[in-house]
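Some notes on the structure that comes next.
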Amino acid sequence: MAATPAESPLPEKTDVDLEAAEAEVARLTERILALRDEYYGGNASTVSDADYDAMVRRLDELERAHPGLQKQDSPTQTVGGRAQTTLFAPVTHAERMLSLDNVFSEEELAEWAAKVVRDAGSHTVRFLSELKIDGLAINLRYEHGVLVTAATRGDGVVGEDVTQNVLLMGTIPERLAGHDHPPLVEVRGEIFFPVAAFDELNARQLAAGERVFANPRNAASGSLRQKVENKSVEKVRLVRERIAGLRMLVHGIGAWPVAELERATGATTQSEVYEVLRGWGLPISAHFRVFDRLEEVAGYVREYGGNRASVEHQIDGIVVKVDDLGLHEELGATSRAPRWATAYKYPPEEVNTKLLDIVVSVGRTGRATPFAVMQKVEVAGSEVRQATLHNQQVVKAKGVLIGDTVVLRKAGDVIPEVLGPVIELRDGSEREFVMPEDCPECGTRLRPAKEGDIDLRCPNARSCPAQVRGRVEHIASRGALDIEMLGEVSAAALTQPFEPAEPPLATEAGLFDLTVDDILPIRVVVRDPETGLPRQNADGTPRLMTPFQRTVKKEVVPSARAVGMLRNLEDAKTKPLWRFLVGLSIRHVGPVAARALADHFGSLDAIRAASREELAAVEGVGGIIADALLEWFQVDWHVEIVERWSAAGVRFSTPGHAGPGAAAAAGGVLAGITVVATGSLEGFSREGAQEAILAAGGKAASTVSKKTDFVVAGPGAGSKLGKAEALGVRIIDAAQFAVLLEHGPGALDGGAVGPADGGAGEQTAG
DNA sequence: CACCCTCGAGTTCA
DNA sequence: CTCGAGGGTG
């Protein structure tokens, strides 16, 4: 759909040329493609290579002369049948790459199997079991047996092009072996870094003074994402070497209808498909097995559970698939995973490590949180050195002492959690953690917010550096003003003293008054990300860095970060009122309450002038939030924030708002409808989807409940989708969502309304 | 009084 | 993304 060039009126005679050229382009394109199919189809070519090349050259010439005629899929854009691809360009998979449902116990596995057997009716079900590789999912697109693109999984619909790097691996065939390849087939598999090669790589990195990789998975991901251009010859050699160390194992196909697959290859089972793939020269795991009985599958699961280290790659769990392809079709898939396969996930790995210390940190709300500092250790695929301990009661309850060997795991495979001490390994040197009485950052006596609270807080909200830093970070965060170039590092730099000066920001009141002169001289201590300790120069003085200046020809000028941040701040002044409300860190006022207040009152002045009753009358605001607002405005330095921001040009009002009580335009196609969006939705950003729901008069909730009318689920949807299914809430996709926004819920009818039983009628893959 | 919902914190890696 | 805490609503 390239736009027709309409900028300059063409002389008339060119129209004739253009017509002739267009005809010739079409003729050449067709001929070249036909010849290419012939060639890659394995047949003898009917023209000489020279003639073929001449045709391609002529086509190229014409396309250059008339750029409007060039099609995306033109043969000139492809080489030897493979598109000239750009590293990391988006690639749409021909068939959606689904994920797998998980089971976490043999019971759940048995439940899954029982359901499959039940749904299979009279068919005999055999199970194929294979190792679940902890690597990167990759989709290889072969057309007529020629590799066209290799792409990462991405969100399942669109991935990133990594063809160039995959080809460097050397083990992925550019041309499939054998004959009679389908016009299009996608081969799915996993790219990984063999554990042994990984250890070698890290040893080399260490010797070279380079950073080491946390785990094989990251190393694989990092290697595949290397760009070769603009690198020295030496670097390029290293990159190639690393990529050459990657391996791939394939475990499935896509975009080739089963009926055609069976006709072409005779394969009727997944295991036979593996033989076909092996015949094509693709790497297949040696560890898969086919079983008749579930008990055997469970045995397989146990066997590898005890020997996870015995295989060349990291094992995530076991994938169990129904072997019969006919059953795949019959069982189908939900919107995110096939019903004919499931992944048995091994329980989260638990490891022992040393508890070196318990340190207390203070967040933006002043809450003092103790966290464990441990000997760095690898758990479930990443390295961990810290874990929260929530509060002193939790520390006591877990019974851990500083110096203990502790058991660590990752809850939900993500959040590190200290389970408890290994008491037998105590030697008497351990000591108990004592909650500090004073704020570790500013020395103010800690105290509970109210009588009986377990959490201790630093009451020095105005000038505790930790809290000021936290609030500045919060103001800039995505949920508030979304100031891109003001992140963790800049927030810290702005709020910390640097010798010999005071910090540019004593509180957030001065945020919009910052000038280049204020920030240019800022110097911050460089800390080692590993230890958190200041880095030192050779002479023992702490190493300093100046984030907001750079030196050009011996002249000190503002850095890109400085210029960008100040411009971002300037631009932020016009952001909507509710974002400023969120940024003020008023207790209980998050994005939802802030929006309600902004819609109702239209300006901060109106909110400030409102009584407790008037505030509490706003939907979603009750007495407690009303009190929190009133109390907030009682504090002098809070008022100063508002005044100084106003003076700097912040409006604190919604233009055109009629004033207090003005009801937001009711009506709209989604009036009274609650919608929850989850996963990535084509055509919408996460926030964009919420905005669209609100704009249509609907309610955008963040959690699924009985009151939810619709859940819009895209690829990557997590637990919310499951919850929606459980509650029988109607699930729609991005396309239906667009219809919903445009025409309202009535337009979606024709499908099932209300509780859908078990999600019948979902489209199946393929 | 029983849900249902929002807030806030923590973590890790690309 | 997940959880716990605590507020709001019916």
Side-chain angles (χ1 to χ4, degrees), chain A residues 88 136 152 154 160 211 213-215 217-226 359-374 376-391 393-394 408-418 448-450 452-455 457 466-467 470-471 473-474 477 479-480 488 529-530 581-582 585-597 615-629 674 676 678-679 686 690 699-708 716-723 727 729:
Chain A
F88 310 138
L136 287 138
T152 61
E160 283 181 329
R211 72 182 198 96
F213 290 94
N215 57 49
R217 190 192 147 76
N218 289 346
S221 172
S223 304
L224 215 52
R225 310 185 77 82
Q226 294 279 326
V359 180
V360 172
S361 74
V362 175
R364 83 173 156 100
T365 61
R367 199 170 94 175
T369 311
F371 63 93
V373 178
M374 290 160 291
K376 187 164 73 184
V377 69
E378 185 177 324
V379 205
S382 67
E383 290 190 325
V384 172
R385 64 184 311 115
Q386 291 185 2
T388 181
L389 292 168
H390 304 288
N391 56 49
Q393 218 168 60
V394 172
L408 180 71
R409 74 156 175 208
K410 286 220 246 160
D413 247 15
V414 180
I415 316 277
E417 180 187 10
V418 173
K450 45 179 217 292
D453 267 11
I454 295 158
D455 289 343
R457 289 173 187 276
Q467 295 185 59
R471 287 200 304 269
E473 235 179 279
H474 172 64
S477 70
E488 207 180 321
E530 289 275 285
L581 274 172
V582 171
S585 287
I586 302 169
R587 281 273 270 167
H588 307 131
V589 179
V592 174
R595 266 199 159 92
L597 288 162
L615 290 168
V618 176
E619 164 124 35
V621 177
I624 309 269
I625 295 182
D627 286 341
L629 284 158
T674 300
V676 174
T678 180
R686 186 173 279 276
Q690 297 203 340
K699 193 171 171 204
S702 55
T703 44
V704 179
S705 69
K706 279 194 297 194
K707 286 195 200 161
T708 311
S719 58
K720 287 176 194 172
L721 191 57
K723 193 164 177 194
L727 289 172
V729 173

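The sequence lines fix the lettering, A, B, ..., with proteins before strands; numbering per chain opens at 1.
Side-chain atoms of A:Gln386 lie closest to B:dT12 of the nucleotides B:dT12, B:dT6, C:dG8. In the set B:dA14, B:dA9, B:dT11, the nucleotide with an atom closest to the side chain of A:Phe371 is B:dT11. Taking every side-chain heavy atom of A:Pro416 into account, B:dT12 is the closest of B:dA9, C:dG7, B:dT12.
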Table please: side-chain donor-acceptor pairs of residues 360-368 of chain A below 3.5 Å, with sequence neighbours left out.
unit_1: A:Arg364; atom_1: NH1; unit_2: A:Ser585; atom_2: OG; d: 2.9
unit_1: A:Thr365; atom_1: OG1; unit_2: A:Arg457; atom_2: NH1; d: 3.3
unit_1: A:Arg367; atom_1: NH1; unit_2: A:Asp455; atom_2: OD2; d: 3.4

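A:Phe88 places its CZ atom 14 Å from the P atom of B:dA14, with the value rounded to the nearest Å. Per the geometry, CD1 belonging to A:Ile624 stands 17 Å off P belonging to C:dA5, to the nearest Å. Taking atom CZ of residue A:Arg367 and atom C1' of nucleotide C:dC3, one finds them 11 Å apart after rounding to whole Å. Whole-Å rounding puts the A:His588 NE2 to C:dG4 C1' distance at 13 Å. Between the C1' atom of C:dG4 and the NE2 atom of A:His390 lies a distance of 9 Å, rounded to the nearest Å. Following rounding to the nearest Å, A:Arg364 (CZ) and B:dG8 (P) show an atom-to-atom distance of 6 Å. Summarising the geometry, the separation between CD1 on A:Ile625 and P on B:dT6 is reported as 11 Å, rounded to the nearest angstrom. Here C:dG8 presents its C1' atom at 16 Å from CZ of A:Arg587, a figure rounded to the nearest Å.
Across all strands, A:Gly622 comes closer than 4.0 Å only to sugar-phosphate atoms, never to a base (heavy-atom distances).
In terms of phosphate contacts, A:Thr369 brings a side-chain nitrogen or oxygen within less than 4.0 Å of OP1 or OP2 of B:dG10. Within the structure, a side-chain polar atom (N or O) of A:Thr365 is placed less than 4.0 Å from OP1 or OP2 of B:dA9.
Using a distance-only test at 3.5 Å, with no hydrogens or angles considered, no donor-acceptor pair links the side chain of A:His390 to the main chain of A:Phe371.
Qualifying side-chain hydrogen bond (donor to acceptor under 3.5 Å, both in side chains) partners for A:Arg587, counting only residues two or more places apart in sequence or in other chains: none.
Listed here is the closest heavy atom pair of A:Leu581 and A:Val589: O-CG1, 4.4 Å. Of all heavy-atom pairs spanning A:Ala626 and A:Val621, the tightest one is N-CG1, 4.1 Å.
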